Amino acid sequence: MEEKAAISNADVADKLMSLAQLLSAQKENPFKVKAYRRAAKTVKALSESVAELVRDDADLTEYSGIGKAISGTIREIVQSGTTGQLEALRAQVSPEMAAMSAYPRLDPARVLRIYKKLKISSIAALEERLASGEIAQRLGARMDQHVREALTERHEMLLYEADNLVAAVEGFLLAKCPVTRVEVTGEYRRRVEIVGEISFLVETDDFPAVVLKLERYGGKSELLSSGENSALFRLASGILLKVEAEAGNNWGAALIVSTGSDNHIRKLEAAGGQVENLAASTEAAVYRKFGLSFIEPELREGDDEVELARRGEMPALVMAKDIRGELHAHSTSSDGANTIEQMALAARKKGYEYAGITDHSQSLKIAGGLSEQDLWKQIRYIDKLNERLSGIRILKSAEVDILVDGSLDYPDELLRELDYTVCSIHSKFSLGKAEQTERILRAMDNRYFTILGHATGRLLLKRPGYEIDAGRVIEHARKNGCFFEINSSPDRLDLSAENARMARGAGVKIAVTTDAHSMGEFDLIRCGIDQARRAGLSKESILNSRSWPQLRQLFQR
DNA sequence: GCCGTTTTCGGCCCGACTGTTTTCAGTCG
């Protein structure tokens with residue numbers, strides 16, 4: 001008898017999500033609901049097949065978020081296709097909820113709220129209102145994002161999250177598939193901040209066998225299309241996986257085709273002719289053949305890079321090693337996890353010359369913003385600490401809220417005592433573009449304004465930023481001697497590459513900062529560096545590639 | 001339900017403000 005097809009990780013994860021959804025509808029303990037969602041996420045990210053793990057009697061509690069109870073639930077799902085608990089819950093709920101449970105990623109509380117407000121009661125109506133933009137308009141961007149994410153099959157993830165996925169797939173290809181060479185390409189290699197598809201170039205003498213193996217990745221990966229040398233899958237996480245086979249003697253040309261954006265390839269071919277089948281084993285050889293200097297993957301977007309490469313004016317892109325200090329970091333004084341001293345020592349260990357401590361200002365209560373008195377104390381404390389510590393200079397600073405009228409959240413007498421400031425918007429995101437822009441321009445008129453923090457306030461895949469007229473803000477910064485940051489938080493990366501490029505064009509320097517809330521987060525600098533490179537920034541455009549004495553001069557207004 | 005240099009119970013931020021809301025959920029870091 002033919003063995004029944006094993007249940008995929010995606011299906012197991014969906015069942016766990018359904019449980020979370022129905023428990024949530026029953027007003028169960030929210031932490032319990034969260035636990036099921038967390039376990040679902042863990043299952044989705046596995047490269048091994050959960051069904052096989054169960055069959056092999058593996059200990060599932062080894063995986064984070066899976067304990068004794070959920071491990072038992074997963075076993076039951078693998079063995080019977082469902083769980084008694086889920087079926088019992090399904091029998092109890094309202095018709096709206098029952099219909100909703102076909103979309104396990106929907107949060108019932110939020111959807112019922114939408115139903116009530118828009119006076120609808122079906123998924124079809126929900127989809128319709130999503131498409132018409134009514135959900136975004138009447139319930140906000142976060143709600144819109146949530147529904148969109150839950151109703152569509154295709155997903156995107158932050159570049160930062162894709163790191164783990166890429167490493168797992170690469171490991172799988174090398175360990176389980178008959179390939180002799182693997183290289184990641186596409187938007188991941190270009191370091192695009194949101195990834196919807198990961199793609200690999202492989203060298204193999206048996207591509208069909210590779211496809212067959214990949215269909216078993218994560219238990220089961222849906223094969224969307226396949227040809228002689230290329231195949232497209234949908235992984236459990238909803239991300240697309242593209243794999244292309246190429247021979248070593250054409251590896252370089254294939255790498256270029258697979259990595260560059262369509263625009264890049266078009267401009268490249270306009271400059272030098274057909275790339276494919278050039279029989280070039282390295283990328284450098286292709287560019288050389290076309291009379292171009294090497295183009296870094298981060299720049300292959302079809303902007304001005306081909307022209308720059310032809311003229312030999314390609315910028316030397318900034319690298320992590322060029323960074324000499326941190327300019328945006330929090331401590332336990334506000335909402336950070338580590339003390340000022342711990343942060344300073346961690347920065348020193350990273351090889352930095354200085355670390356600016358930028359705790360939140362007084363009006364940001366939720367983040368433990370410092371009162372004026374607290375900041376005065378902190379200034380004196382840092383002076384003492386600097387006398388005691390060697391090999392690192394702690395800069396006195398603050399992440400100062402830009403209030404709704406464009407004033408700063410501390411009086412000038414206090415701001416004057418700081419080495420510099422990072423000024424940010426944390427409230428009233430809903431102001432119109434003109435008002436929001438004026439607010440920032442007014443703030444920049446304060447002579448103690450140094451760096452604009454996360455200029456648009458966007459949170460990738462969660463909410464769009466507030467609207468600003470980037471051109472006007474950049475021009476005002478140039479006139480007033482103000483600067484920008486590229487905030488390295490993986491879900492901010494704000495300035496965007498586009499805005500950073502515009503700032504560079506205006507000659508306004510940019511700090512690459514981490515906004516670290518703990519010592520470990522200093523390492524996020526690599527995410528900001530990726531973004532800076534995508535913007536074509538060399539170290540000359542970067543503020544904190546400079547020593548503190550040099551910076552201090554730049555900060556004088 | 002998970003987790004543990006605060007290990008087997010008790011956390012799992014949190015708190016002020018906003019809105020077109022009609023009394024509380026969502027939002028900022």
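Each chain gets a letter, A, B and so on, in the order its sequence line appears, and its residues count up from 1. For the numbers below, each heavy atom of this structure counts, side chains included, while hydrogens, waters and symmetry mates do not. These numbers were taken from a predicted model, which means no experiment stands behind them.
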Exercise. For the side chain of A:Phe31, counting heavy atoms from C-beta on, which of B:dG26, B:dG1, B:dA16 is nearest?
Worked result: B:dG1
Exercise. Given the C1' atoms of B:dT8 and B:dC14, what is the spacing between them in whole Å?
Worked result: 27 Å
Problem set entry | Side-chain donor or acceptor of A:Asn487 paired with backbone N/O of A:Leu493 under 3.5 Å | no
For this session: Have a look at A:Asp515 and say if it touches a base, only the backbone sugar-phosphate, or nothing, with a 4.0 Å heavy-atom cut-off.
Result: nothing
Exercise. Expressed in whole Å, how much space separates the P atoms belonging to B:dC13 and B:dG19?
Worked result: 27 Å
Seminar exercise, completed: Between A:Gly140 and A:Gln85, the residue closer to the 5' end of DNA chain B by nearest nucleotide is A:Gln85
For this session: Check each residue of residues 368-376 of chain A for a non-hydrogen atom within less than 4.0 Å of any atom in DNA chain B, then write out the ones that pass by number, or none.
Result: none
Exercise. Considering every strand shown, what is the Watson-Crick or G-U wobble mate of B:dT8 when both distances are under 3.5 Å?
Worked result: none
For this session: Just call it for A:Ser64: base, sugar-phosphate, or nothing, with non-hydrogen atoms closer than 4.0 Å on any strand.
Result: sugar-phosphate
Problem set entry | Within residues 457-470 of chain A, residues whose heavy atoms come under 4.0 Å of DNA chain B | A:Arg463
Exercise. Which value, in whole Å, describes the distance between the C1' atoms of nucleotides B:dC12 and B:dC17?
Worked result: 25 Å
Problem set entry | Under 3.5 Å donor-acceptor, A:Asp515 side chain and A:His328 backbone | no
Exercise. Have A:Glu127 and A:Tyr103 got a donor and an acceptor in their side chains that come within less than 3.5 Å?
Worked result: no
Exercise. Donor-acceptor pair, A:Asp359 side chain versus A:Ala398 backbone, under 3.5 Å?
Worked result: no
Problem set entry | Sugar-phosphate only, base, or nothing, as touched by A:Arg37 at under 4.0 Å among non-hydrogen atoms | nothing
Problem set entry | Nearest-Å distance once atom P is located in both B:dG11 and B:dT6 | 16 Å
Problem set entry | Donor-acceptor under 3.5 Å (A:Glu417 side chain, A:Leu414 main chain) | no
Exercise. Once you round it to whole Å, what is the distance between P of B:dT20 and CG of A:Leu118?
Worked result: 14 Å
For this session: Determine the Euclidean distance between corresponding C1' atoms of B:dT27 and B:dT21; express it in Å to zero decimal places.
Result: 14 Å
For this session: Check every atom of B:dG29, B:dG1, B:dA25 against the side chain of A:Ala69 and return the nucleotide holding the closest atom.
Result: B:dG1
Exercise. When rounded to the nearest Å, what value does the distance between C1' atoms of B:dG15 and B:dT20 take?
Worked result: 23 Å
For this session: Nearest-nucleotide wise, let me know which of A:Ser427 and A:Ile66 is further upstream toward the 5' end of DNA chain B.
Result: A:Ile66
Problem set entry | Step-by-step side chain to side chain contact (heavy atoms under 4.5 Å, CB included) determination, A:Asp374 to A:Ser333 | CA-CA 9 Å; A:Asp374 287 342; A:Ser333 301; over 6 Å; no
Exercise. Looking at the side chain of A:Phe429, which of B:dG1, B:dC28, B:dA25 is the nearest nucleotide?
Worked result: B:dC28
For this session: Say whether, by atom type as modelled, one donor and one acceptor occur between the side chain of A:Asn9 and the main chain of A:Glu48 under 3.5 angstrom.
Result: yes
Problem set entry | Among B:dC28, B:dG29, B:dG1, the one nearest A:Ala367 by side-chain distance | B:dG29
Exercise. How is A:Ile366 classified with respect to the nucleic acid when contacts are heavy atoms under 4.0 Å: base, sugar-phosphate, or nothing?
Worked result: base
Exercise. Taking atom P in both B:dT5 and B:dG1, what distance in whole Å separates the two?
Worked result: 23 Å
For this session: Take atom P in B:dG10 and the same atom in B:dA16, then report the distance between them in whole Å.
Result: 27 Å
For this session: Ignoring backbone atoms, test whether A:Lys34 places a side-chain nitrogen or oxygen under 4.0 Å from the OP1 or OP2 oxygen of B:dC13.
Result: yes
Exercise. Judged by atom type as modelled, is there a donor-acceptor pair below 3.5 Å linking the side chain of A:Thr332 to the main-chain atoms of A:Ala337?
Worked result: no
Exercise. Taking A:Arg90 for the side chain and A:Ala98 for the main chain, is one N or O donor matched with an acceptor at less than 3.5 Å?
Worked result: no
Exercise. Does A:Leu106 offer a backbone N or O that forms a donor-acceptor pair with the side chain of A:Gln21 under 3.5 Å?
Worked result: yes
For this session: Return no unless some side-chain N or O of A:Arg38 is found under 4.0 Å from OP1 or OP2 of B:dC12.
Result: no
For this session: Check for a donor-acceptor pair, side chain of A:Thr421 on one end and backbone N or O of A:Cys423 on the other, with a separation under 3.5 Å.
Result: no
